Structures are given as structure tokens and as C-alpha cells.
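Read the structure below first, then the notes.
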Amino acid sequence: MSFCDKIRSGKFIVTSEIGPPKGIDVSRVLENAELIKGRVDAVNVTDLQSSILRLGSLVVCHLLKNRGVEPILQMTCRDRNRLALQSDLLSAAVLGIENVLVLTGDYPSAGDHPEAKPVFDLGSVELLDVIKGLQAGFDMKGNLLKGTPKFCVGAVVNPGADPLEPEIIKMEKKIEAGALFFQTQAVYDIELFKKFLDASKHLKAAILAGIVLLKSAGMARHMNKNVAGVFVPEDLIKEMESAGDKSAKSIEMAARLIKELKPLCQGIHIMPIGWDRKVPLVLEAAGL
């Protein structure tokens with residue numbers, strides 16, 4: 001059963017995430033992928049996450065696909081114009097990569113090449129529309145394609161956005177443009193997530209709640225201060241602060257959140273942010 005078929009069937013979905021290396025040595029990435037092969041439904045491959053130069057998402061997706069791991073190609077609007085975006089999508093289709101997650105992308109000033117010129121030729125909703133057109137057999141200008149690609153398309157949403165209404169309106173536009181699933185920003189506050197679910201209950205799309213592994217109380221406070229829409233409750237911060245073994249506590253906390261979130265939505269998206277080797281431990285602790 002394909003990833004798209006699983007989403008449409010209503011199956012509970014588990015996805016994780018891998019960041020390509022800063023260089024061409026892919027051994028570690030492939031080792032980490034093997035650890036979760038067959039244990040998750042698909043693996044996101046990030047696209048220059050945080051605007052930091054890395055190996056491209058497309059080639060890593062190709063390597064994972066060849067090893068029996070179902071990849072999700074992340075594609076940001078930050079670095080490519082409409083020509084390059086369409087070309088990379090067609091290239092992905094030729095390589096058999098069908099799953100695509102569309103994002104706007106972080107501004108280059110946040111990364112290690114702050115002088116880089118941002119593109120943002122298209123926004124995320126526009127890119128979703130482009131993908132819909134490609135699947136109908138046409139490019140953005142209405143020119144006929146020789147061969148039609150097939151994609152399973154997803155987008156992102158921030159359930160902690162304040163105000164929330166603009167986020168719901170954007171979700172509606174993304175669904176209309178073809179998004180079948182949404183992976184969310186990190187969720188730590190269950191009650192806040194429930195409010196988001198209530199506000200979006202009229203929408204027909206799979207929602208995968210985001211889980212970011214907390215590494216320290218300092219990381220939690222940094223996210224609260226600097227990451228829009230992310231709120232780590234103080235009791236969780238104190239719990240992490242007092243823990244002797246931060247790694248074990250992070251795994252236990254993530255598993256607990258997953259168990260609470262599982263009855264509420266159609267899936268979980270785990271973002272290890274460098275702690276890739278802990279994902280199997282989280283899955284085991286969460287009973288997934």
C-alpha cells in the first residue's frame with residue numbers, strides 16, 4: 001500500500017525526518033534510515049533546513065527509495081524560481097518519488113549564507129496549484145507535458161498560531177490546491193492542539209501532529225521565545241530541567257505526548273533534529 005493509499009484509507013500514519021549531510025558523505029544518513037525502515041510509513045528529507053547549505057533533498061530521496069524507504073521530498077519556495085521548481089518536480093517523478101511536502105522556507109538570513117538572495121517566486125499555495133497542474137498534464141503556462149507525473153502532496157500548518165483563523169483559512173486554500181495531508185509545527189500543549197482540531201474539523205485532510213524531541217530546558221525556552229506558534233508548558237520545562245538523564249527524559253516525554261495525541265489525529269510526525277538514532281526508542285516507548 002502506498003503512502004497516499006494509507007492516508008486515504010484512514011490508517012494511523014507515522015512519519016519521521018532526516019536531514020541531508022553538509023557534504024557528500026551519506027553513510028550516516030543511510031544508516032539512520034535503516035534504523036526506521038519498515039517502522040515508519042515515510043521519511044521526510046529536509047530541503048536546506050534553516051537555510052543551511054546541505055546535500056539536496058532530491059538525491060537523498062532517490063537513495064532512500066532505492067533502499068526500500070518511502071521518502072517525502074520537502075520542497076521550499078525559497079531557493080528556486082517557477083522554472084526550477086517545476087523541473088525538480090518532474091525530475092522527482094522520473095525517479096519514482098511521489099510524495100512531496102510543500103513549504104515556504106526559512107529566510108536565508110537565518111542560515112549560514114545570510115548574503116544569499118531569496119527567490120520566493122511562488123508561495124506555498126501557488127506551488128500546490130502548480131503541482132495540481134502538472135498532474136493534469138500541463139505546466140504553469142498551459143503547455144502540454146509529455147508524460148504526466150503523479151504526486152501525493154502535503155503541506156504544513158502551525159496549530160499554535162495566534163490568531164488561529166488565518167492559519168485555518170490558509171489550510172482551506174492548500175486543500176483546495178491539492179494538499180492531502182498536513183504535518184504540524186511541534187506540539188507540546190495538548191489542550192492548545194485540541195482547539196486547533198476543533199477549528200479545523202470541517203476540513204477533509206489528514207493531520208499529522210509534529211513531535212520535536214526536547215534536548216534541554218534551554219531548548220524549550222528558546223523555542224518559546226523564538227519559534228512562532230510553539231509553546232512548551234512550564235511543567236514540561238521543569239520536568240526536563242530536573243531530569244538527570246536528559247536523553248531518557250526526552251524519549252519518555254515524546255512517547256507520552258504521542259500516546260496523548262494518537263486518539264486525536266490521523267498521525268504523528270517525529271522531528272529528531274539530529275537525534276535520528278533515538279527515533280526507534282521513541283517508537284518503542286510509544287508502542288508504535
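Model, not experiment: these values are computed from the prediction. Heads up: numbering here begins at 1 and tracks the sequence.
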Pairs meeting criterion side-chain hydrogen bond (donor to acceptor under 3.5 Å, both in side chains) with involvement of residues 20-29, two or more places apart: K22-D112, D25-S27

Residue among D276, V60, I270, I36 satisfying side-chain contact (heavy atoms from CB on, under 4.5 Å) with V43: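 Of D276, V60, I270, I36, side-chain contact (heavy atoms from CB on, under 4.5 Å) with V43 is met by I36 alone.
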
Looking at [atom1] of [X] and [atom2] of [Y], how far apart are the two atoms once the value is rounded to the nearest 0.5 Å?
X	Y	atom1	atom2	value
Q183	E17	CD	CD	7.5 Å
I18	C61	CD1	SG	9.5 Å
N158	E167	CG	CD	5.5 Å
K141	Q86	NZ	CD	10.5 Å
S57	D88	OG	CG	9.5 Å
F120	D79	CZ	CG	7.5 Å

Specify the closest pair of heavy atoms between [X] and [Y], including all atoms of both residues, with the distance to one decimal.
X	Y	result
P108	A116	CB-O, 3.7 Å
A220	V232	CB-CG1, 3.9 Å
P71	V69	CD-O, 3.0 Å
V230	A186	CG2-O, 4.2 Å
Y188	F231	CB-O, 3.5 Å
P272	K215	O-CE, 4.1 Å

Do [X] and [Y] sit in the same hydrophobic cluster, where Ile, Leu, Val, Met, Phe, Trp and Tyr count as joined when their side-chain heavy atoms come under 4.5 Å apart?
X	Y	value
V40	I7	no
I273	V45	yes
M271	I52	no
M219	L236	yes
L63	V29	yes

For the side chain of [X] and the backbone of [Y], is there at least one donor-acceptor N/O pair under 3.5 Å apart?
X	Y	answer
D189	E191	yes
R39	L35	no
S51	Y107	yes
K246	M240	yes
S87	A84	no
D41	V14	yes
N143	D139	no

So, using side-chain hydrogen bond (donor to acceptor under 3.5 Å, both in side chains) as the criterion, who are the partners of [X] when residues are at least two apart?
X	answer
E70	N99
N224	none
S2	D5
D47	T76, R80

Ring pair (Phe, Tyr, Trp, His ring centres under 6.0 Å) against F12, all qualifying residues, sequence neighbours excluded: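 By the ring pair (Phe, Tyr, Trp, His ring centres under 6.0 Å) rule, F12 matches no residue at all.
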
From CA spacing to verdict: side chain to side chain contact (heavy atoms under 4.5 Å, CB included), L257, I190: CA-CA 8 Å; L257 285 168; I190 303 297; 4.0 Å; yes

Each residue besides [X] in its hydrophobic cluster should be listed here, by chain and number; the cluster joins Ile, Leu, Val, Met, Phe, Trp and Tyr at side-chain heavy-atom distances under 4.5 Å.
X	value
V119	none
L144	F138
L83	none
L145	L58, L73, M75, L85, L89, L90, L95, I97, V100, V102, L122, L127, L128, V130, I131, L134, M140, F151, V153

Does the pair [X]/[Y] count as a salt bridge with the N-to-O cut at 4.0 Å?
X	Y	result
R256	E260	no
E241	R221	yes
K249	E239	yes
D198	K201	yes

Validation row: T46, P20 side chains within 4.5 angstrom (heavy atoms):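 Yes; the side chains approach each other to less than 4.5 Å.
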
Side-chain heavy-atom pair F196, V187 within 4.5 angstrom cut-off: no

Evaluation steps, side chain to side chain contact (heavy atoms under 4.5 Å, CB included), between F182 and L203: CA-CA 11 Å; F182 286 86; L203 301 178; over 6 Å; no

Just list the side-chain donor-acceptor pairs under 3.5 Å for residues 168-178, sequence neighbours left out, or say none.
{"unit_1": "E172", "atom_1": "OE2", "unit_2": "H202", "atom_2": "NE2", "d": "2.8"}
{"unit_1": "K174", "atom_1": "NZ", "unit_2": "V156", "atom_2": "O", "d": "3.0"}

E31, CD atom: more than 12 neighbouring heavy atoms under 6.0 Å: yes

Under 3.5 Å, which donor-acceptor pairs link side chains of residues 206-214 to any protein atom two or more places apart or in another chain?
none

Check against side chain to side chain contact (heavy atoms under 4.5 Å, CB included), L48 and R78: CA-CA 10 Å; L48 276 62; R78 173 190 58 234; 3.1 Å; yes

Stepwise side chain to side chain contact (heavy atoms under 4.5 Å, CB included) check, W275 with V282: CA-CA 11 Å; W275 276 10; V282 172; over 6 Å; no

